Number of protein chains: 2
Amino acid sequence: MKYIDKLRNSGLRPTKQRLQICEVLFDTEKTFHFTINDLEKKIKKQVSNKISLATIYNTVHAFEKKGYLKQIPINSNQTYFDTNISDHHHFYDLKDEKLIDLEHSDVGPINILKKIDGKKIKSVEVLVKLED
Amino acid sequence: MKYIDKLRNSGLRPTKQRLQICEVLFDTEKTFHFTINDLEKKIKKQVSNKISLATIYNTVHAFEKKGYLKQIPINSNQTYFDTNISDHHHFYDLKDEKLIDLEHSDVGPINILKKIDGKKIKSVEVLVKLED
DNA sequence: TGCTAGTTTATAATGATTCTAAAAAGGTGT
DNA sequence: ACACCTTTTTAGAATCATTATAAACTAGCA
Ligand SMILES: [Mn+2]
Ligand SMILES: [Mn+2]
Ligand SMILES: [Zn+2]
Ligand SMILES: [Zn+2]
């Protein structure tokens with residue numbers, strides 16, 4: 001089905017757990033931001049069998065390594081992930097502790113004038129903190 | 001002396017420990033980035049008496065709240081702080097796990113076109129990840 | 001139907017950070 | 001200097017997200 005090839009092509013065996021996690025993560029109208037704790041709850045709701053927490057961690061890290069998920073740089077006691085892997089930015093609402101997507105097109109072009117010898121830019125991420 | 005008024009004006013008692021931590025943090029030619037673990041080591045080297053880890057945490061958080069330190073949004077198992085409290089950005093060298101300042105002037109003007117109702121922008125921070 | 005490497009799992013370990021509550025120190029007024 | 005009250009420091013315990021462990025399970029393949 002839908003995710004079997006995706007996983008196979010990444011060198012990941014399409015196990016029952018991984019396919020179920022794919023459904024929770026990617027069978028949605030909209031992309032979303034989540035912590036492992038959020039995802040664990042979503043899985044409990046949507047998946048009949050139990051998936052261990054260790055497997056959730058393993059899978060999220062495997063998917064991140066393959067580029068199917070992105071980590072969002074933010075100061076929190078929990079790591080935030082994003083199913084939106086496009087080149088985009090974020091608002092962070094300090095009061096509600098919620099992330100909001102900020103599309104590339106919603107931010108004027110960013111020009112990094114400083115160069116670091118022997119290094120090249122891998123990504124440019126903007127975090128806009130919001131208050132009331 | 002130098003930091004007593006600074007602390008008093010913030011409503012913080014100028015204790016021996018706080019003054020010593022001020023010296024470690026602010027009596028430097030250049031600003032720097034650090035984790036609590038980094039700071040603990042620096043203090044051990046530069047301060048004769050012992051300062052407990054709890055006090056280091058308390059002090060860093062107090063200074064951050066007063067605006068004498070900034071937290072840097074980055075994904076790491078440890079929280080990074082910055083003695084440079086100017087409005088600036090960062091390179092993050094993924095290999096060396098080092099932060100490098102990117103002055104406001106080294107980044108073209110950033111224009112956030114999207115508005116969120118009832119919220120105003122508190123800060124705009126750019127993180128530029130570097131690879132070889 | 002085996003075989004083997006990859007995967008899942010319960011559980012333990014790790015480690016940064018926060019909490020606790022008692023002792024110490026700062027500030028103020030006498 | 002002293003008493004008094006509040007803030008701060010401190011050692012140690014607790015918390016909790018994350019990672020490690022190692023045994024059981026499974027996907028893919030001969
Ligand atoms: Mn983290
Ligand atoms: Mn943190
Ligand atoms: Zn996003
Ligand atoms: Zn900096």
Side-chain angles (χ1 to χ4, degrees), chain A residues 1 3-25 33-44 47-66 68-69 71-81 97, chain B residues 1 3-25 33-44 47-66 68-69 71-81 97:
Chain A
M1 352 288 241
Y3 298 111
I4 292 183
D5 295 335
K6 177 174 180 163
L7 292 174
R8 280 232 179 78
N9 294 339
S10 318
L12 297 172
R13 286 189 184 169
T15 62
K16 183 172 77 165
Q17 291 86 344
R18 283 178 178 156
L19 290 169
Q20 290 174 325
I21 293 174
C22 275
E23 285 169 15
V24 173
L25 290 174
H33 307 119
F34 65 92
T35 63
I36 294 289
N37 185 53
D38 296 334
L39 182 56
E40 196 187 12
K41 282 188 210 141
K42 250 183 179 345
I43 287 169
K44 274 199 185 117
V47 176
S48 54
N49 50 300
K50 195 205 171 191
I51 299 181
S52 81
L53 184 57
T55 297
I56 298 175
Y57 272 98
N58 289 341
T59 302
V60 165
H61 287 138
F63 286 4
E64 195 215 347
K65 189 166 285 180
K66 297 300 179 183
Y68 303 143
L69 290 172
Q71 244 187 280
I72 303 170
I74 196 176
N75 283 123
S76 167
N77 55 329
Q78 289 162 246
T79 303
Y80 274 81
F81 295 90
E97 296 186 318
Chain B
M1 355 293 233
Y3 299 111
I4 291 183
D5 295 335
K6 178 174 179 160
L7 291 174
R8 279 234 179 76
N9 294 338
S10 318
L12 297 173
R13 288 187 182 171
T15 62
K16 183 171 78 164
Q17 291 85 346
R18 283 178 178 158
L19 290 169
Q20 289 174 325
I21 294 175
C22 275
E23 285 170 14
V24 173
L25 289 175
H33 307 120
F34 65 92
T35 63
I36 295 288
N37 185 52
D38 296 335
L39 180 58
E40 194 188 13
K41 283 189 207 140
K42 250 183 173 358
I43 288 169
K44 274 199 184 117
V47 175
S48 53
N49 50 299
K50 196 206 171 189
I51 299 181
S52 81
L53 184 57
T55 296
I56 298 175
Y57 271 98
N58 289 342
T59 302
V60 165
H61 286 139
F63 287 5
E64 195 215 346
K65 190 167 284 181
K66 297 300 179 183
Y68 304 142
L69 290 173
Q71 242 187 282
I72 303 171
I74 196 176
N75 283 122
S76 167
N77 55 327
Q78 290 166 196
T79 303
Y80 275 81
F81 295 90
E97 296 186 319

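Predicted model, so just to flag it, every value in this text is computed and none were measured. In what follows, every chain begins at residue 1, and chains take the letters A, B, ... in the order their sequences are listed.
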A:Y57 side-chain N/O to D:dT19 phosphate OP1/OP2 under 4.0 Å: no
side-chain N/O B:T55 vs D:dT10 OP1/OP2, d < 4.0 Å: yes
Side chain to side chain, A:D38 and A:Q78, heavy atoms closer than 4.5 Å: no
For atom NE2 of B:H61 and atom P of C:dT18, their distance in whole Å: 5 Å
Name of the residue among A:T59, A:L53, A:T55 meeting side-chain contact (heavy atoms from CB on, under 4.5 Å) with A:Y57: A:L53
Rounded distance (Å) that lies between atom C1' of D:dT18 and atom CD of A:Q78: 11 Å
Summary of protein contacts for nucleotides 24-30 of chain C, nucleotide by nucleotide, where a base hit scores B, a sugar-phosphate-only hit scores S (4.0 Å, heavy atoms): -BBS---
Side-chain N,O (A:T79) to OP1/OP2 (D:dT18) below 4.0 Å: yes
Close side-chain approach of B:I21 and B:Y3, heavy atoms under 4.5 Å: no
Under-4.0 Å side-chain N/O to phosphate OP1/OP2 contact, A:K50 with C:dA10: yes
Touch class at under 4.0 angstrom, heavy-atom based, for B:N58 against every strand present: base
cation_pi(A:K6, A:Y68) dist<6.0 Å, angle<=45: yes
Whole angstrom value for the distance that separates P of D:dT18 from CD of A:E40: 11 Å
Whole angstrom value for the distance that separates P of C:dG15 from CG of B:L53: 14 Å
Protein-nucleotide distance (A:I4, atom CD1; D:dG28, atom C1'), rounded to Å: 13 Å
